[in-house]
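Here's the structure we're looking at; comments come further down.
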Amino acid sequence: MQVGTCITWGVRSESDSATDQVFKALADDTRRRLLDRLHERSGQTLGQLCEHIDMRRQSVTQHLAVLEAANLVATVRRGREKLHYLNPVPLHDIQERWIDKFERPRLRVLNEVKRRAEEAMADKPTFVYVTYIASTPEGVWDALTDAGLTAAYWGHSNVSDWRPGSRWEHVRTDGSGTADVVGTVVESERPTRLVTTWAAPGEEGQPERHSRVTFEIRPHADIVRLTVVHEDLADESALAEVSQGWPAVLSNLKSLLETGRTLPQEPWLVPSG
């Protein structure tokens with residue numbers, strides 16, 4: 001049997017369309033500078049971003065809207081403020097598709113040099129992840145807070161009454177009752193916003209060592225946009241750990257809500273290399 005090349009004409013996937021949006025967003029110098037600002041310090045308000053851009057607020061808002069439509073920027077409300085975070089997922093996808101496969105060995109060396117230089121100058125890092133789920137806000141909220149549901153897709157039960165000021169625990173499902181993470185519920189606005197502190201049990205009395213996780217749940221027609229912001233991480237090692245953990249956990253959550261089943265294997269056990 002002869003093996004040839006199959007070429008399909010005139011068919012564009014949703015992935016290609018999303019990639020086009022990313023390239024369009026990156027084509028403008030102002031938008032690239034906004035991303036640079038968010039890379040230096042994520043979680044800035046519109047006013048803070050405008051301080052570095054010689055442009056009217058309305059114009060900066062329009063540029064941010066383009067970046068958000070391309071999923072390069074995620075926004076989270078904290079009180080009256082609207083904070084903007086860099087979402088690296090689309091950039092990582094472009095790197096995987098268009099760069100890594102051609103220059104992977106050399107670029108890995110250069111990236112390691114860059115990473116170490118940035119690590120030496122960085123403040124406490126922040127992780128941001130955005131995913132879209134075919135569900136309701138109430139369904140996503142319950143999946144994050146119900147002890148039985150979290151046990152099904154996370155391997156731990158999230159246990160609390162979820163009232164502001166209450167304690168919460170991330171408890172193993174092996175029957176030991178051991179909590180690997182503990183914290184306090186900071187904000188609880190069912191079904192749109194949940195903010196909690198995270199700490200190792202032995203560091204519960206050391207608030208300076210706590211990190212903070214915000215879940216923003218926003219409906220759009222028949223889907224929900226879930227934004228997870230994990231901030232005040234101890235160092236780049238902690239950032240690398242949550243950068244592996246959150247996508248795996250949230251993929252399992254998404255599968256459970258959309259299909260009624262978790263993924264056939266635990267995604268956090270998939271080797272990263």
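One-based numbering along the sequence shown.
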Could you tabulate the donor-acceptor pairs under 3.5 Å formed by side-chain atoms of residues 210-217, not counting sequence neighbours?
| from | atom 1 | to | atom 2 | distance (Å) |
| --- | --- | --- | --- | --- |
| His210 | NE2 | Glu203 | O | 2.9 |
| His210 | NE2 | Glu204 | O | 3.2 |
| His210 | NE2 | Gln206 | O | 3.3 |
| Ser211 | OG | His230 | NE2 | 2.8 |
| Glu216 | OE1 | Arg218 | NH2 | 2.9 |
| Glu216 | OE2 | Arg77 | N | 3.3 |
| Glu216 | OE2 | Arg193 | NH1 | 2.3 |

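- Atom CD of Glu241 has 12 or fewer neighbouring heavy atoms from other residues, nucleotides or ligands inside a 6.0 Å radius.
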N/O donor-acceptor pairs under 3.5 Å from side chains in residues 131-144, not counting sequence neighbours:
| from | atom 1 | to | atom 2 | distance (Å) |
| --- | --- | --- | --- | --- |
| Thr136 | OG1 | Gly139 | N | 2.9 |
| Asp142 | OD1 | Arg190 | NH2 | 3.0 |
| Asp142 | OD2 | Arg190 | NH2 | 3.4 |

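- Within 6.0 Å of CZ in Arg261 there are 12 or fewer heavy atoms belonging to other residues, nucleotides or ligands.
- One distance of note links CG of Leu233 with CZ of Phe127; it measures 9.5 Å at 0.5 Å rounding.
- Every side-chain hydrogen bond (donor to acceptor under 3.5 Å, both in side chains) that Asp174 has, sequence neighbours left out, goes to Ser176.
- Partners of Asp54 by side-chain hydrogen bond (donor to acceptor under 3.5 Å, both in side chains), not counting sequence neighbours: none found.
- Residue pairs meeting the salt bridge (Lys or Arg N to Asp or Glu O under 4.0 Å) criterion with at least one partner in residues 55-68, sequence neighbours excluded, are Glu68-Arg225.
- The number of heavy atoms from other shown groups lying within 6.0 Å of CG (Asp222) does not exceed 12.
- Annotation for Glu81: atom CD does not count as buried by contact number, only 12 or fewer foreign heavy atoms lying within 6.0 Å.
- Side-chain contact, Thr196 with Trp198: a donor N or O sits under 3.5 Å from an acceptor N or O.
- Tyr85 belongs to a hydrophobic cluster whose other members, connected by ILVMFWY side-chain contacts under 4.5 Å either directly or through intermediates, are Val76, Leu83, Val128, Val229.
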